Amino acid sequence: METKIAIQGIKGSFHHQVAQSYFNSDVVLDECMSFSDLVKSLLRKESGKGIMALENSIAGSIIPNYALIDQNNLHIIGEYYLGINMTLMALKGQKIEDIKEVHSHPIALLQCGVFFSQYPHIKLVESPDTAETAQRIQREQLKGIAAVASPVAASLYDLEVLASDIHTIKNNTTRFVIVKTTNKVIPENEINKASLKFELEDEQGNLALILNEMNQSGLNLTKIQSMPIIQKPWTYSFFVDVTFDDYKKYRKAKEILELKTREFKILGEYKNGRV
């Protein structure tokens, strides 16, 4: 039985592109309109795996997704880096001058701020998903409204491309993680990246000591994200990604970190997707 993959958005979305590239082109999808719905699909066993955007090279971390992974005890089993090409599209026969509103996901709009500053007559409207907006424009024949989405969405929903590569920073990449409700065990010699979470009190030197321990243990810190713990004033959760060449050294580092931090948790051990 083929595993269904939960994605945020619909066919033509960036999550759909990742599903096709990471798994295969004819992957079976469960299209979810929010990340919360995606998590529910996994917990209800409606899907076997999920794909979640976690950070973007322009917009930064998608912090709520860190919390969703942690609070629902999901396991990161892989990652994928996708180069993002933001494209402006509308019904055929229209020009940018005809467009009154542009609808898209808020992060997509944020990435294209400089482009839209040239068109003050255009109102930017947030929507749940990039591809869903493109689909809706075609389905409802919405004139005067454009979408920011992928070139795949323009082709899939037969829309005219008004402008390509409209994102402010051209080296625009989003990191996606592959998640499951249970951990996927892969051979230790293939694991070279891990996502960890721990808690620290806001006291001088605490974080520096932990970072130094990681360095001494041969772990390369590639990402750190802090989040205040509402129930514990002046205490913070830290989400970190580390890469390493030797799993045995990493295992020893885990044991040390577990002793020197609170609520130590392994969110995932997997292959580094950035080569």
Side-chain angles (χ1 to χ4, degrees), residues 35-36 38-39 42-43 50-81 107 110 173-186 188 190-274:
F35 288 112
S36 294
L38 184 154
V39 171
L42 291 171
L43 296 179
I51 298 173
M52 299 178 71
L54 206 55
E55 59 181 305
N56 176 263
S57 58
I58 298 176
S61 299
I62 305 174
I63 295 177
N65 285 358
Y66 281 89
L68 282 172
I69 291 171
D70 177 33
Q71 293 167 3
N72 292 282
N73 294 314
L74 299 182
H75 298 268
I76 299 172
I77 62 167
E79 65 178 1
Y80 190 87
Y81 290 81
I107 292 179
L110 178 65
T173 304
T174 294
R175 177 188 174 221
F176 297 80
V177 291
I178 318 303
V179 293
K180 284 185 67 176
T181 55
T182 55
N183 197 15
K184 176 185 178 182
V185 178
I186 64 174
E188 289 184 359
E190 295 182 18
I191 298 173
N192 58 6
K193 188 169 184 178
S195 294
L196 312 172
K197 179 222 173 182
F198 54 82
E199 294 181 7
L200 290 175
E201 291 185 5
D202 186 21
E203 295 180 358
Q204 184 175 348
N206 271 5
L207 181 58
L209 287 171
I210 295 302
L211 297 181
N212 183 61
E213 192 63 58
M214 289 182 183
N215 182 56
Q216 293 295 324
S217 300
L219 302 185
N220 177 40
L221 181 70
T222 61
K223 173 72 177 179
I224 182 167
Q225 179 68 54
S226 64
M227 191 180 304
I229 304 173
I230 298 175
Q231 301 89 342
K232 302 177 183 178
W234 313 116
T235 303
Y236 294 82
S237 289
F238 291 90
F239 296 86
V240 301
D241 293 330
V242 294
T243 58
F244 44 88
D245 297 323
D246 188 332
Y247 189 89
K248 290 181 180 179
K249 289 184 178 180
Y250 160 69
R251 184 192 292 122
K252 183 177 179 180
K254 281 193 299 183
E255 295 172 355
I256 296 172
L257 292 174
E258 191 167 10
L259 290 173
K260 294 189 175 184
T261 64
R262 298 190 311 194
E263 302 298 329
F264 181 80
K265 186 177 183 181
I266 301 168
L267 300 178
E269 298 177 350
Y270 47 95
K271 295 180 182 179
N272 188 356
R274 195 170 187 178

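In this text, all values refer to a predicted model and were calculated from it rather than measured experimentally. Atoms considered below: every heavy atom in the structure, side chains included; atoms not considered: hydrogens, waters and symmetry mates.
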**OP:** Output yes when a side-chain donor or acceptor of Thr181 lies under 3.5 Å from a complementary backbone atom of Leu43, and no otherwise.
**Re:** no
Subject >> For Gly50 against Leu38, the heavy-atom pair lying closest together >> reply: CA-CD2, 4.2 Å
Original post:
Which atom pair, heavy atoms only, marks the closest approach of Ser195 to Arg175?
Top reply: OG-NH2, 4.0 Å
Original post:
Can you find a pair of side-chain heavy atoms, one from Ile62 and one from Met52, that are under 4.5 Å apart?
Top reply: no
**OP:** Starting at CZ of Phe176, measure out to CG of Asn56 and round the result to the nearest 0.5 Å.
**Re:** 8.5 Å
Subject >> Sub-4.5 Å side-chain heavy-atom contact between Tyr250 and Asn192 >> reply: no
Original post:
Roughly how far, to the nearest 0.5 Å, is OG1 of Thr235 from CD1 of Ile230?
Top reply: 12.5 Å
**OP:** Begin with the C-alpha distance, continue with both residues' side-chain angles, and end with the deciding distance and a verdict on side-chain contact (heavy atoms from CB on, under 4.5 Å) for Phe264 and Leu259.
**Re:** CA-CA 9 Å; Phe264 181 80; Leu259 290 173; over 6 Å; no
Subject >> Student check: side-chain heavy atoms of Glu55 and Tyr66 closer than 4.5 Å >> reply: yes
Subject >> Worked verdict on Thr243 versus Asn220 for side chain to side chain donor-acceptor pair (under 3.5 Å) >> reply: CA-CA 5 Å; Thr243 58; Asn220 177 40; 3.2 Å; yes
Subject >> Gap separating the NZ atom of Lys254 from the CD1 atom of Ile256, nearest 0.5 angstrom >> reply: 12.5 Å
Original post:
Taking side chain as C-beta onward, heavy atoms only, is Met214 less than 4.5 Å from Val240?
Top reply: yes
Subject >> Name of the residue among Val179, Ile266, Asn183, Asp241 meeting side chain to side chain contact (heavy atoms under 4.5 Å, CB included) with Ile76 >> reply: Val179
Original post:
Relative to each other, are the rings of Phe238 and Tyr236 parallel, tilted or perpendicular (30° and 60° limits)?
Top reply: tilted
Original post:
To the nearest 0.5 Å, what is the distance between CG (Leu211) and CG (Asn206)?
Top reply: 11.0 Å
Subject >> Atom pair NZ/CD of Lys265 and Glu258 - distance to nearest 0.5 Å >> reply: 13.0 Å
Original post:
Do you know which two heavy atoms are closest between Ser217 and Lys249, and how far apart they sit?
Top reply: O-CB, 3.8 Å
**OP:** Report yes if some heavy atom in the side chain of Met227 is under 4.5 Å from a heavy atom in the side chain of Asp70; otherwise report no.
**Re:** no
**OP:** Give the minimum heavy-atom separation between Tyr270 and Ile186, together with the two atoms involved.
**Re:** CA-CD1, 4.2 Å
**OP:** Would you please test Ile224 and Leu207 for side-chain contact (heavy atoms from CB on, under 4.5 Å) and show each step?
**Re:** CA-CA 11 Å; Ile224 182 167; Leu207 181 58; 4.0 Å; yes
Original post:
Is a side-chain N or O of Asn72 found less than 3.5 angstrom from the main chain of Leu68, in a donor-acceptor match?
Top reply: yes
Original post:
How close do Glu79 and Gly273 get, heavy atom to heavy atom, and via which atoms?
Top reply: OE2-N, 2.7 Å
**OP:** Side-chain contact test, heavy atoms from C-beta onward, threshold under 4.5 Å: evaluate it for Leu200 versus Thr261 and give yes or no.
**Re:** yes
**OP:** From the options Arg251, Lys271, Lys248, select the one residue that forms a salt bridge (Lys or Arg N to Asp or Glu O under 4.0 Å) with Glu188.
**Re:** Arg251
Original post:
Counting heavy atoms not belonging to Lys252, are there more than 12 under 6.0 Å from its NZ?
Top reply: no
**OP:** Looking only at non-hydrogen atoms, find the nearest pair between Ala53 and Phe35 and report the distance.
**Re:** N-CE2, 3.9 Å
Original post:
So do Arg262 and Glu201 actually touch side chain to side chain, heavy atoms under 4.5 Å?
Top reply: yes
Original post:
When rounded to the nearest 0.5 angstrom, what is the spacing between OG1 in Thr173 and OH in Tyr80?
Top reply: 11.0 Å
Original post:
Are side-chain heavy atoms of Leu54 and Ile69 found at a separation under 4.5 Å?
Top reply: yes
